[in-house]
Amino acid sequence: MDEIYKPEVIEPRVQEVWDSTQAFAVSEDPAREKFYCLCMFPYPSGACHMGHVRNYTIGDVISRFQRAQGKNVLQPMGWDAFGLPAENAAIKNKVPPAKWTYKNIDVMRSQLQRLGFAYDWQREIATCRPEYYRWEQWLFTKLYEKGLVYKKNAVVNWDPVDQTVLANEQVDSDGRGWRSGALVERREIPQWFMRITAYAEELLASLSEMDGWPEAVRTMQTNWIGRSEGLELDFPIENGNESLRVFTTRPDTLMGATYMAVAAEHPLAVSAAENDPQLAAFLSECKNVKASEAELETMEKKGMHLGVNALHPISGEPVPILAANFVLMGYGTGAIMAVPGHDQRDWEFANKYQLPIVQVITDADGGTVDLSQGAFVSRGKLVNSGDYDGLDFDQAFDAISQFFEQKGTGQRKVNYRLRDWGVSRQRYWGAPIPMIYCEKCGDVPVPEGDLPVRLPEEVEFQGVTSPLKTMPEFYNCKCPICGGDARRETDTFDTFVESSWYFARFACRDSDEAMLDERASYWMPVDQYIGGIEHAILHLLYARFYQRLLRDEGLLDLDEPFANLLTQGMVLRDGSKMSKSKGNTVDPQTLIDRFGADTVRFFVMSDAPPDQSFEWSDEGVEGASRFLKKLWRLVADHVNNSSLSDDFGSLNTEQKELRRQIHLTIEKVTDDIGRRHTFNTAIASVRELINSVGRFEVRSAGDYAVVREAFSVVVQLMAPITPHICHQLWQELGFGDSIIDAPWPVADPSAMAQSEVELVIQVNGKLRAKIRVSADADKTAVEDIALKEENVVRHIEGKSVRKVIVVPGKLVNVVAN
RNA sequence: GCCGCUGUGGCGGAAUUGGUAGACGCGCAGCACUCAAAAUGCUGUGUCCUUGUGGCGUGUCAGUUCGACUCUGACCAGCGGCACCA
């Protein structure tokens with residue numbers, strides 16, 4: 001056996017073996033337990049970055065581990081191929097997005113192959129292929145028929161110079177367009193929505209049963225869905241028949257409502273501005289804000305009186321109405337009732353505009369309430385509320401709701417923060433939305449037989465606008481109903497649509513008869529899903545929503561798509577996220593060329609647990625490389641000096657100790673990889689074992705046999721992480737041709753048993769001594785030995801022993817004062 | 001602003017159920033091998049002092065407990081998400 005480790009020779013050779021034997025191609029086998037391991041597929045941005053390497057190594061380790069457990073493991077890979085960067089590249093470099101994307105896919109595929117990931121490449125998907133997006137177009141038309149898809153106006157970032165819609169990403173922090181530099185405006189345009197709110201209750205309810213998901217993700221989704229129970233009620237408008245409808249979660253504070261605020265786009269504000277130039281100016285100023293929640297919440301809150309009052313629905317008192325820049329037309333009713341005494345934002349706004357602040361809730365526990373310092377937001381007892389005085393939150397909620405329900409001017413309502421999903425994008429590089437607009441027949445979905453609506457791939461960009469908007473050969477069409485001239489939708493789908501069902505399509509990616517077939521029922525759900533924590537809400541919620549759409553369409557009988565979720569942390573360097581803009585990236589390709597794939601895989605797994613952020617270190621890679629070289633050298637020494645026979649015989653103390661460590665390591669690594677997913681601690685314990693093996697002198701057949709056992713175990717435990725070197729070492733050691741078909745080692749309890757254990761002795765919680773006692777020593781015996789320890793005696797001198805706590809097998813704590 | 005996470009040596013991290021804080025690695029220092037260097041191996045490495053099986057020490061402040069990195073409350077700092085980046 002070669003004394004020198006040569007990854008550049010071994011790795012391509014081993015990969016060739018896997019490739020030629022189709023080692024990771026799988027099919028449905030009802031006789032075996034299946035395991036579907038999936039990593040969030042990449043956007044083909046150009047080349048793999050360290051975040052990809054980390055993500056896909058985690059998935060590969062889990063997949064290979066599960067395979068060694070005897071399961072039928074599916075691990076597919078594909079490309080989330082539609083998206084904005086392809087258009088940006090097209091505008092910059094005059095290359096069609098399709099061409100740019102396919103080229104990137106080729107580069108990244110070969111990088112993933114070079115890393116040795118155990119993918120079933122026959123199942124590869126690229127979402128920009130018509131064979132793929134045809135089915136999401138088909139599903140969209142089905143959902144349209146069911147009323148789960150509808151059209152309404154929604155706010156976008158509008159660039160007045162480039163005359164186009166901008167993504168939040170294309171608007172800089174000053175609110176200016178990325179190319180024109182013009183101040184962007186909020187503008188409303190008609191867009192398609194998917195009725196995710198119809199599933200809000202179900203999406204929320206099942207979160208509590210999803211044990212395989214991190215608690216943090218479930219909490220974030222719960223808050224995102226944001227179920228709240230409240231009252232929707234009308235405030236009559238003074239001098240007219242109209243009324244202003246608002247929703248509140250605090251009907252108990254109704255008597256403290258001292259003003260109303262409406263969105264700049266609210267019809268009431270618009271009509272008031274007709275004879276009020278100052279107000280009109282304010283309303284147009286309100287439009288110069290980015291359409292993002294963070295922006296709206298942190299900007300300076302501004303308002304202006306409409307000169308119109310509402311009437312308080314109970315007291316009949318006039319309540320001023322203001323237009324405010326923080327109220328959005330698209331959310332709720334576009335209007336709010338403000339209770340500055342008991343809502344902090346309302347309180348600040350009231351102080352700024354000298355609006356009255358009234359206390360209507362008092363602390364039920366008798367604490368003082370000082371509204372000059374801030375709002376009192378806790379629930380309490382009602383005061384200054386006429387007939388409702390003295391009621392608590394629940395009583396007031398019921399009484400006030402009943403009042404409005406009886407009058408017919410309000411009703412209790414469960415509201416969700418979750419809004420319907422706007423899927424329209426005014427962009428080119430996406431799946432065309434399969435709708436046709438006919439003057440006679442209205443909105444008409446493209447009939448099934450005419451699908452897919454193909455996205456033309458040979459296009460040229462003139463400026464920033466989607467080429468589809470200027471291609472009559474694309475948008476001119478005939479109405480499927482009346483046959484008259486009609487116009488095709490030129491918007492495309494949000495790319496989250498593609499990533500909301502790809503996981504199921506991997507089971508049957510070649511099906512051209514249906515979106516999904518029976519193979520999906522075998523493979524789904526995904527047993528382990530792995531991806532960035534940044535997807536905790538949007539992608540993961542949309543995918544859960546889509547799974548239910550697929551279920552209700554009769555395509556796949558399943559509620560939740562991902563049984564277990566692992567959210568991976570970011571890759572950092574020098575304490576901040578690796579990114580091109582910061583110029584602190586490390587190119588994985590360079591590292592693979594220099595150290596080999598196994599070293600890169602080993603390092604990214606050894607540094608930190610997967611759900612934590614991972615700090616890049618050039619020296620760390622060297623350390624990983626050093627370890628693999630050392631492992632290779634130790635095995636080579638062993639193999640090249642194999643004159644001794646392979647027989648345990650009866651074991652001496654040193655041999656027993658090493659065997660004990662071997663089997664403890666099996667137990668720990670199995671738990672760390674299989675249950676805890678803490679690959680860093682698994683690696684640490686393998687390193688400890690190798691350190692012991694390195695120190696262990698082989699002088700007898702028994703020594704040789706124990707060391708050989710150690711190598712067989714180490715190579716198997718490491719195989720999921722560094723599969724190439726382990727494949728080779730397994731053969732060199734003479735254990736077999738292919739380690740991927742060897743079953744996972746099992747810890748032997750008799751090798752781990754010990755007759756004596758070490759106990760820690762504390763006095764008042766501080767370590768004072770260590771003793772060795774027989775493993776079955778009883779409490780009293782242990783206590784006696786502990787109290788006689790010299791250092792214990794010294795520390796309890798002059799004190800009396802109050803209590804002795806014995807934790808069997810662990811410690812003794814002597815409490816004395 | 002709201003929601004969520006994180007905070008431990010010079011650095012990445014370990015301590016799994018409240019029970020020895022700092023496993024494992026990186027870096028650094030010394031030694032061995034070498035004409036020399038690289039590579040490799042060995043030893044040491046939280047901090048302070050009066051060098052003792054000594055004191056202190058897990059972002060800050062308080063609390064619960066025989067015992068707290070771990071649980072509770074308040075605060076500080078950093079990171080992620082906030083619906084058109086993916």
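Labels below follow one simple rule: chain letters A, B, ... track the order of the sequence lines, proteins then strands, and each chain is numbered from 1. Values reported hereafter were calculated over all heavy atoms of this structure, with side chains retained and with hydrogens, waters and symmetry mates removed.
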Taking it one step at a time, do Asp159(A) and Ser180(A) satisfy side chain to side chain donor-acceptor pair (under 3.5 Å)?
-> CA-CA 8 Å; Asp159(A) 186 321; Ser180(A) 68; 2.6 Å; yes
Evaluation steps, side chain to side chain donor-acceptor pair (under 3.5 Å), between Asn415(A) and Ser228(A) = CA-CA 5 Å; Asn415(A) 224 31; Ser228(A) 56; 5.2 Å; no
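In this structure, the separation between OH on Tyr5(A) and CG on Leu628(A) is 5.0 Å, given to the nearest 0.5 Å. Here the CE atom belonging to Met194(A) is positioned 4.5 Å from the CZ atom belonging to Phe545(A), to the nearest 0.5 angstrom.
Between the CD atom of Glu615(A) and the C1' atom of rU8(B) there is a distance of 15 Å, given to the nearest Å. One interatomic measurement links the two molecules: CG of Leu767(A) to P of rU53(B), which rounds to 13 Å at whole-angstrom precision. Atoms CZ (Phe627(A)) and P (rG41(B)) sit 12 Å apart, rounded to a whole Å. Rounded to whole Å, atom C1' of rG12(B) lies 13 Å from atom CG of Asp618(A). Distance CG (Asp672(A)) to P (rA15(B)): 8 Å, rounded to an integer number of Å. For Glu300(A) and rG1(B), the CD to P distance is 15 Å, given to the nearest whole Å. Rounded to an integer number of Å, the gap from CG of Leu631(A) to P of rG41(B) is 13 Å. Between Lys766(A) atom NZ and rA68(B) atom C1' there is a gap of 12 Å when expressed in whole angstrom units.
Two rings, from Tyr529(A) and Trp213(A), have their centers 6.0 Å or more apart. Proximity of the aromatic rings of Trp79(A) and Tyr502(A) is defined here by a centroid distance below 6.0 angstrom, and this criterion is not met. In this structure, Phe603(A) has its ring center no closer than 6.0 Å to that of Phe595(A).
In this model, the phosphate group of rA14(B) is approached by a side-chain N or O of Asn680(A) to a distance below 4.0 Å at OP1 or OP2. Side-chain nitrogen and oxygen atoms of Arg695(A) include none within less than 4.0 Å of the OP1 or OP2 phosphate oxygen of rG41(B). Residue Asn223(A) places at least one side-chain N or O closer than 4.0 Å to OP1 or OP2 of rG4(B). OP1 and OP2 of rA83(B) both lie 4.0 Å or more from every side-chain N or O belonging to Arg425(A). Asn88(A) has no side-chain polar atom (N or O) that falls below the 4.0 Å cut-off from OP1 or OP2 of rC85(B). The side chain of Arg676(A) places no N or O atom within less than 4.0 Å of a non-bridging phosphate oxygen (OP1 or OP2) of rA14(B). Close to rU20(B), at under 4.0 Å from its OP1 or OP2, lies no side-chain N or O of Arg768(A). The side chain of Arg417(A) places no N or O atom within less than 4.0 Å of a non-bridging phosphate oxygen (OP1 or OP2) of rA83(B). Contact check, Ser617(A) against rG12(B): no side-chain N or O comes under 4.0 Å of OP1 or OP2.
For Trp224(A), counting side-chain heavy atoms from C-beta on, the closest listed nucleotide (rG13(B), rC82(B), rC24(B)) is rC82(B). Looking at the side chain of Tyr43(A), the nearest of the listed nucleotides rG19(B), rA86(B), rG4(B) is rA86(B). Among the nucleotides rA86(B), rG27(B), rC66(B), the one closest to the side chain of Arg626(A) is rG27(B). Closest contact between the side chain of Asp671(A) and the listed nucleotides rG13(B), rG67(B), rU16(B) involves rU16(B). Side-chain atoms of Asn691(A) lie closest to rC24(B) of the nucleotides rA86(B), rG1(B), rC24(B). Counting only heavy atoms from C-beta on, Glu534(A) has its side chain closest to rA86(B) among rA86(B), rG54(B), rG4(B). Comparing rU16(B), rA86(B), rG19(B) against the side chain of Arg675(A) picks out rU16(B) as the nearest. Comparing rA23(B), rC82(B), rG19(B) against the side chain of Ala294(A) picks out rC82(B) as the nearest. Listed nucleotides: rG19(B), rC79(B), rG4(B). Nearest to the side chain of Met570(A): rC79(B). Ranking rA86(B), rC85(B), rA83(B) by closeness to the Glu169(A) side chain, first place goes to rC85(B).
In a base pair of the Watson-Crick type (N1 to N3 plus N6-O4 or O6-N4) or a G-U wobble (N1-O2 and O6-N3), with each distance short of 3.5 Å, rC82(B) is matched with rG1(B). Base pairing of rG30(B): its partner is rC42(B), meeting the Watson-Crick or G-U wobble criterion (both donor-acceptor distances under 3.5 Å). Shown here, rU47(B) forms a base pair with rG55(B); the pair counts as Watson-Crick or G-U wobble because both key distances fall under 3.5 Å. Across all strands shown, the partner of rU60(B) is rA74(B), judged by Watson-Crick or G-U wobble contacts whose two distances both fall under 3.5 Å. Summarising the base pairing, rU65(B) is matched to no nucleotide, lacking a Watson-Crick or G-U wobble pair whose two defining distances lie under 3.5 Å. In this structure, rG22(B) forms no base pair with any nucleotide, since neither Watson-Crick nor G-U wobble geometry is met with both distances under 3.5 Å. As the counterpart of rA37(B), no nucleotide is assigned, since no Watson-Crick or G-U wobble pattern has both distances under 3.5 Å.
Nucleic acid contact for Gln191(A): base, since at least one base atom lies under 4.0 Å from a heavy atom of the residue. Within 4.0 Å (heavy atoms only), Thr495(A) reaches sugar-phosphate atoms of the nucleic acid but no base atom. Within the nucleic acid shown, Pro609(A) comes within 4.0 Å of sugar-phosphate atoms alone, with no base atom in reach, counting heavy atoms only. If you check every strand for non-hydrogen atoms under 4.0 Å, Gln762(A) touches a base. No contact: Glu622(A) has no heavy atom under 4.0 Å from any strand.
Positionally, the nearest nucleotide of RNA chain B for Lys630(A) lies more toward the 5' end than for the other of Lys630(A) and Ile537(A).
With its glycosidic angle more than 90° from 0, rG80(B) is assigned anti.
Of the listed residues (Lys151(A), Arg425(A), Lys469(A)), just one forms a salt bridge (charged side-chain N to carboxylate O under 4.0 Å, His left out) with Asp491(A), and that residue is Lys469(A).
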